[in-house]
Amino acid sequence: MLRTTPEFSNSYGELSGDVEVNPGPNEDIAQRKSKQTNVQCKGKTNVGLKICEWNINSLTDSKFEQKRHFLTSSHSEIDVLFLIGTFLKPKVPDSVFEIPGYVMYRKDRPGVKQGGGILAYVNFKLKENRRIDLEEKEIETLWLDIFPFNSKRPLLIGALYCPSPSVRAEMCCSVSFP
């Protein structure tokens, strides 16, 4: 069993050992680009899975319209978009937040406490599966298996909403992994 510390709050991906922490200001763009690799897929270059996470800090009508436009515009190439901190409650129907061309997954904060919540939008061209079996009640997470490029092997991705620092420290110290 792995016990974590408050530093865990950066991301679950760091635990895998193959995800780099934000490179910071000392690494220039050329260095970062040299680390990137182009995937060759059916004769196309620069093909890859594009995942975006956005701290929305309360999803209002105007913010939703901006994100809908962002995803449906002709220049958008986002495959998966996570909106963190939606502050939505179950009484608002899913249909209000549907975006053409995307499958939506939603996890609202349970109970009466305000804040939190996650929305995920997955491009309809991708095969996906929500992994509710990995989600915990105590932590606001949303996990998805994504099958990029019609692969038979999924890529597990997820989003985590971290509350205020005092709550985060208490929460992260109690998280365990098998």
Side-chain angles (χ1 to χ4, degrees), residues 8-16 19 22 39 41 46-168 170-172 175:
F8 165 78
S9 63
N10 286 336
S11 86
Y12 279 78
E14 289 178 20
L15 294 176
S16 68
V19 177
N22 291 337
V39 177
C41 183
N46 293 325
V47 174
L49 188 62
K50 294 170 183 67
I51 303 170
C52 180
E53 184 177 82
W54 207 316
N55 184 348
I56 199 74
N57 195 21
S58 184
L59 185 59
T60 62
D61 290 342
S62 62
K63 287 180 183 178
F64 174 72
E65 284 305 312
Q66 290 173 344
K67 302 316 167 246
R68 185 187 59 74
H69 179 70
F70 172 72
L71 287 176
T72 58
S73 67
S74 60
H75 66 275
S76 177
E77 298 177 359
I78 301 297
D79 295 306
V80 181
L81 171 64
F82 287 106
L83 297 179
I84 311 296
T86 60
F87 297 15
L88 298 178
K89 292 297 175 193
K91 65 181 178 181
V92 179
D94 288 352
S95 60
V96 172
F97 300 104
E98 291 176 348
I99 296 178
Y102 287 83
V103 177
M104 182 190 75
Y105 292 96
R106 175 177 173 177
K107 185 169 185 183
D108 298 333
R109 177 174 282 178
V112 295
K113 190 172 179 183
Q114 293 234 315
I118 302 170
L119 275 178
Y121 293 96
V122 181
N123 190 308
F124 75 95
K125 296 176 185 174
L126 293 172
K127 181 181 170 189
E128 85 296 322
N129 180 43
R130 183 166 178 184
R131 295 291 307 272
I132 295 175
D133 60 312
L134 298 177
E135 297 174 14
E136 297 185 31
K137 292 181 182 178
E138 298 82 26
I139 303 173
E140 293 177 58
T141 59
L142 194 148
W143 293 99
L144 300 169
D145 274 335
I146 303 292
F147 297 82
F149 316 115
N150 295 316
S151 171
K152 293 181 181 177
R153 293 178 41 193
L155 175 64
L156 178 64
I157 62 172
L160 164 71
Y161 175 78
C162 289
S164 66
S166 61
V167 175
R168 182 177 30 221
E170 181 181 318
M171 173 189 79
C172 290
V175 176

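Side chains are part of it too, since the values below use all heavy atoms of this structure and drop only hydrogens, waters and symmetry mates.
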Atom of G115, atom of F87 and distance for their closest heavy-atom approach:
CA-CD1, 3.4 Å

Heavy-atom pair of closest approach, residues P100 and T72:
O-CG2, 3.9 Å

Least distance between heavy atoms, L126 atom then P148 atom
CD2-CA, 4.1 Å

Please check: side-chain N/O of D79 versus main-chain N/O of I51, any donor-acceptor pairing under 3.5 Å?
no

Near K63 NZ, under 6.0 Å, is it more than 12 heavy atoms from other residues, nucleotides or ligands?
yes

Over all atoms of both residues, closest heavy-atom pair of F82 and A159
CD2-CB, 3.4 Å

In terms of the angle between their ring planes, are Y121 and Y102 parallel, tilted or perpendicular, with boundaries placed at 30° and 60°?
perpendicular

Before you tell me yes or no, could you show the steps for L134 and L156 under side chain to side chain contact (heavy atoms under 4.5 Å, CB included), namely the whole-Å CA-CA distance, both residues' side-chain angles and the distance that decides it to 0.1 Å?
CA-CA 10 Å; L134 298 177; L156 178 64; 3.8 Å; yes

Any donor-acceptor pair under 3.5 Å linking the side chain of R130 with the backbone of R106?
yes

Does atom CG of D61 have more than 12 heavy-atom neighbours from other groups under 6.0 Å away?
no

Euclidean distance, L81 CG relative to R68 CZ, rounded to 0.5 Å:
13.5 Å

Which distance, rounded to the nearest 0.5 Å, do you find between the CG of L71 and the CD of Q66?
12.0 Å

Distance, nearest 0.5 Å, that separates CG of N55 from OG1 of T86:
10.5 Å

Judged by atom type as modelled, is there a donor-acceptor pair below 3.5 Å linking the side chain of K107 to the main-chain atoms of T141?
yes

Just do the side chain to side chain contact (heavy atoms under 4.5 Å, CB included) check on I146 and E128 with the steps written out, would you?
CA-CA 5 Å; I146 303 292; E128 85 296 322; 3.8 Å; yes

Which heavy atom of A120 sits nearest a heavy atom of L142, and at what distance?
CB-CD2, 4.0 Å

Determine the minimum heavy-atom distance between R153 and F147, stating which atoms define it.
C-CD2, 4.0 Å

Please determine whether side chain to side chain contact (heavy atoms under 4.5 Å, CB included) holds for the pair I99 and F64, giving the CA-CA distance in whole Å, both sets of side-chain angles, and the decisive distance to 0.1 Å.
CA-CA 10 Å; I99 296 178; F64 174 72; 3.8 Å; yes

Just by modelled atom types, is the G117 backbone N or O under 3.5 Å from a matching donor or acceptor in the E140 side chain?
yes

Rounded to the nearest 0.5 Å, what's the gap from CG on L88 to CD1 on I118? Could you check?
11.5 Å

How far does CG of L155 sit from CG of L144, to the nearest 0.5 angstrom?
10.0 Å

Give a yes or no on whether the backbone of W143 and the side-chain of E135 come within a donor-acceptor separation of less than 3.5 Å.
yes

Could you state the interatomic distance from CD (E53) to CD1 (I157), rounded to the nearest 0.5 Å?
10.0 Å

For V92 and F97, what are the C-alpha separation, side-chain angles and deciding distance, and is it a side chain to side chain contact (heavy atoms under 4.5 Å, CB included)?
CA-CA 9 Å; V92 179; F97 300 104; 3.4 Å; yes

